[in-house]
**Q** 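Please see the structure below; I have some questions.
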Amino acid sequence: AAVGVVGAPFSRGQPRGGVEGGPDLIRAAGLLDRLNQQGCEVKDYGNVAFEDVVVDEPIGRVKCVRAVGGANQRLSEVVQAVKRDGRTSVMLGGDHSLAIGSVHGHAAAVGGVAVVWVDAHADVNTPLSSHTGNLHGQPMSFLLHELQHEIPVLPNFSWIKPCVWAKDLVYVGLRDLDPAEHYILKLLGVKVFSMTDVDHLGVARVMEETCEYLCARVKKPIHLSYDIDAIDPSVAPATGTPVVGGLTYREGVYIAEQLSQTGLLSAVDLVEVNPLRGQTEKEVQATVGTAVDLLLACFGRLRSGNHPPGLPSETDKP
Ligand SMILES: N[C@@H](CCCCC(O)O)C(=O)O
Ligand SMILES: [Mn+2]
Ligand SMILES: [Mn+2]
Ligand SMILES: [Mn+2]
């Protein structure tokens with residue numbers, strides 16, 4: 001696969017410093033070399049240069065509105081360029097507010113997209129329903145056609161066009177929703193596999209149903225938005241909003257493997273890795289390593305082993 005890696009060192013969607021260090025940590029852990037080794041043709045688009053916003057007073061409860069809006073407008077342009085280059089986009093966060101630009105740019109380039117949102121949280125608060133005012137808890141509200149009447153005018157947000165239909169969105173791993181989010185998902189009939197569903201059905205059935213749901217009807221390119229906090233904090237602790245009772249390492253990788261095999265994976269986000277939220281260097285490395293392994297699984301790495309490209313395959317054997 002042709003892959004385009006975009007670093008998005010951005011943290012203003014939430015109050016905890018450190019998450020802007022995610023992109024370079026994931027690169028330093030060898031993501032690009034490992035993708036090359038498993039046969040991907042990889043181009044690094046570098047880190048998006050986000051312009052600093054000095055005065056950014058809250059609007060209502062919502063914080064850092066101008067910074068988040070501006071950053072996502074830039075990110076959208078870069079992701080569009082990656083898609084126009086015919087590559088699968090890999091956006092390294094940075095906080096989850098960056099999904100606004102990533103999904104927007106993806107959809108602007110390819111038309112309608114389906115979204116698989118793997119996360120402990122739904123990130124679908126509107127600016128008016130959010131308790132915290134943190135925009136990393138709101139990205140999906142700006143993207144869903146069906147919610148646009150709930151979205152107030154915000155500075156640096158007017159460029160956003162909603163681009164996802166509720167019927168083309170699937171959540172996996174939910175275990176910490178705000179009341180308004182639960183109401184929104186029920187009202188819109190969004191497909192949700194909470195951690196209870198993962199326990200009840202097992203991850204294989206969850207992914208069978210997810211792929212059936214997304215692929216049975218019109219096959220839209222899939223945007224996988226992976227929040228590292230979907231994975232249990234015992235495995236990936238270095239993140240801003242950890243919630244106990246998460247996905248095992250194996251379940252997390254399996255989800256990526258199954259989506260990879262649809263052949264429809266067109267863009268991936270890997271967000272919320274925050275080195276300052278790990279209590280030890282070991283915890284940071286465990287989190288970064290898990291992020292890398294999730295991404296490798298998105299691009300065909302099989303735990304049963306892969307041939308490096310060029311070696312004779314079984315059928316070539318004399
Ligand atoms: N629902 C909370 C927590 C959001 C967590 C965001 C993360 O999933 O990107 C909020 O709205 O602040
Ligand atoms: Mn989350
Ligand atoms: Mn919450
Ligand atoms: Mn999230």
Side-chain angles (χ1 to χ4, degrees), residues 8-20 22 58-65 68 71-72 75 91-103 115-144 147 150-151 154 164 169-186 190 192-195 198 223-247 251-252 255 267-274 276-277 287 290-291 294:
F10 186 75
S11 68
R12 297 295 173 80
Q14 51 83 62
R16 299 169 198 89
V19 69
E20 70 281 357
I59 297 177
R61 276 198 201 127
V62 191
K63 300 164 208 158
C64 305
V65 177
V68 172
N72 278 291
L75 178 60
M91 188 275 284
L92 306 176
D95 71 67
H96 221 161
S97 67
L98 292 162
I100 297 168
S102 183
V103 174
V115 175
V116 179
W117 197 279
V118 184
D119 199 327
H121 313 91
D123 299 357
V124 73
N125 273 303
T126 71
L128 301 173
S129 77
S130 169
H131 304 297
T132 62
N134 297 332
L135 276 160
H136 75 155
Q138 305 174 43
M140 268 319 299
S141 79
F142 297 100
L143 297 166
L144 281 167
L147 282 184
E150 296 295 333
I151 305 297
L154 294 172
V164 181
L169 171 60
V170 179
Y171 281 100
V172 182
L174 297 189
R175 56 188 184 276
D176 177 17
L177 265 61
D178 298 326
E181 296 183 296
H182 187 251
Y183 175 78
I184 287 167
L185 297 183
K186 285 278 170 224
V190 173
V192 170
F193 294 101
S194 69
M195 286 309 299
V198 173
H223 187 113
L224 169 59
S225 204
Y226 219 128
D227 185 329
I228 197 69
D229 73 27
I231 306 293
D232 192 86
S234 65
V235 176
T239 191
T241 47
V243 185
V244 293
L247 296 165
E251 288 168 335
I255 289 166
V268 183
D269 308 327
L270 198 298
V271 296
E272 300 281 354
V273 170
N274 185 338
L276 300 187
R277 299 282 295 183
T287 307
T290 300
L294 294 172

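One-based numbering along the sequence shown. Note that ligands are numbered from 1 as they come in the structure, with each ligand's atoms numbered from 1 the same way.
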**Q** Between the main-chain N or O of Ser11 and the side-chain N or O of Gln14, is there a donor-acceptor pair closer than 3.5 Å?
**A**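 Yes; judged by distance alone, with no hydrogens or angles, the pair exists.
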**Q** How far apart are the C-alpha atoms of His96 and Asp119, what are their side-chain angles, what is the distance that settles it, and do they pass the side chain to side chain donor-acceptor pair (under 3.5 Å) test?
**A** CA-CA 10 Å; His96 221 161; Asp119 199 327; 3.1 Å; yes
**Q** Against heavy atoms of Glu272, which atoms of ligand 1 measure under 4.0 Å?
**A**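 So the answer, numbered in order with elements, is 9 (O).
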**Q** What atoms of ligand 1 come closer than 4.0 angstrom to any heavy atom of Thr132?
**A** 10 (C), 11 (O), 12 (O)
**Q** Would you say Asp123 has any N or O atom under 3.5 Å from an N or O of ligand 1, going by distance alone?
**A**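 Asp123 vs ligand 1: N/O contact under 3.5 Å present.
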**Q** What I want to know is whether Asn134 and ligand 1 share at least one N or O pair that is separated by under 3.5 angstrom.
**A** no
**Q** Any salt bridge (charged side-chain N to carboxylate O under 4.0 Å, His left out) involving residues 8-18? Give me the pairs, sequence neighbours left out, ordered by first then second residue.
**A** Arg12-Asp52
**Q** For Val268, is there any backbone N or O sitting under 3.5 Å from a side-chain donor or acceptor partner on Tyr226?
**A**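 Checking the backbone N and O of Val268 against the side chain of Tyr226, no donor-acceptor pair under 3.5 Å is found.
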**Q** Give, for atom CG of Asn134 and atom CG of Asp95, the distance between the pair rounded to the nearest 0.5 Å.
**A** 9.0 Å
**Q** Would you mind listing which atoms of ligand 1 come within a distance below 4.0 Å of any non-hydrogen atom of Asn125?
**A** 1 (N), 11 (O)
**Q** I need the minimum non-hydrogen distance between Thr126 and Gln138, along with the two atoms involved.
**A**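 Nearest heavy atoms, Thr126 then Gln138: C-OE1, 3.6 Å.
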**Q** Which of the atoms in ligand 1, numbered in the order shown and given with their element, are less than 4.0 Å from a heavy-atom of His96?
**A**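 So the atoms of ligand 1 that pass are 9 (O).
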**Q** Measuring from atom CD1 of Ile59 to atom SG of Cys64, what distance do you get when rounded to the nearest 0.5 angstrom?
**A**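 Nearest 0.5 Å value for the CD1-SG distance: 10.5 Å.
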**Q** So, 4.0 Å and heavy atoms of Gln14: is ligand 1 close enough to count as a contact?
**A** no
**Q** Using distance alone, decide if ligand 1 has a nitrogen or oxygen within less than 3.5 Å of any nitrogen or oxygen in Asp176.
**A** no
**Q** If you count the atoms of ligand 1 from 1 in the order shown, which ones are under 4.0 Å from a heavy atom of Asp178?
**A**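 Listed by number with element: 1 (N), 2 (C), 10 (C), 11 (O).
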**Q** Number the atoms of ligand 1 from 1 as they appear, then name those within less than 4.0 Å of a heavy atom of Asp227, with their elements.
**A** 7 (C), 8 (O), 9 (O)
**Q** Tabulate below the donor-acceptor pairs under 3.5 Å that side-chain atoms of residues 234-244 make, not counting sequence neighbours, or state none.
**A**
residue: Ser234; atom: OG; partner: Asp232; partner atom: OD2; Å: 2.6
residue: Thr239; atom: OG1; partner: Glu272; partner atom: O; Å: 2.6
residue: Thr241; atom: OG1; partner: Asp229; partner atom: OD2; Å: 3.1

**Q** Looking at every non-hydrogen atom in both residues, tell me the closest pair between Ala180 and Asn125 and how far apart they are.
**A**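 Looking at all heavy atoms of both residues, the closest pair is CB-OD1, 4.1 Å.
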**Q** Sequence neighbours excluded, which residues qualify as side-chain hydrogen bond (donor to acceptor under 3.5 Å, both in side chains) partners of Asp269?
**A** Ser102, His223, Ser225
**Q** Any N or O of Thr241 that comes nearer than 3.5 Å to an N or O of ligand 1?
**A** no
**Q** Go through the steps for Asp123 and Asp227 under the test side chain to side chain contact (heavy atoms under 4.5 Å, CB included), then give the verdict.
**A** CA-CA 10 Å; Asp123 299 357; Asp227 185 329; 4.2 Å; yes
**Q** Using a strict cut-off of 4.0 Å, indicate which atoms of ligand 1 neighbour a heavy atom of Glu181.
**A** 1 (N)
**Q** Ligand 1 versus Asp119, non-hydrogen atoms closer than 4.0 Å: side chain, backbone, both, neither?
**A**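 It is the side chain that touches ligand 1; the backbone stays farther off.
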**Q** What protein N/O/S atoms lie closer than 2.8 Å to the Mn ion (ligand 4)?
**A**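 Result, waters dropped: His96 ND1, Asp119 OD2, Asp123 OD2, Asp227 OD2.
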**Q** Quick one: are Leu75 and Phe10 in side-chain contact, heavy atoms under 4.5 Å?
**A** no
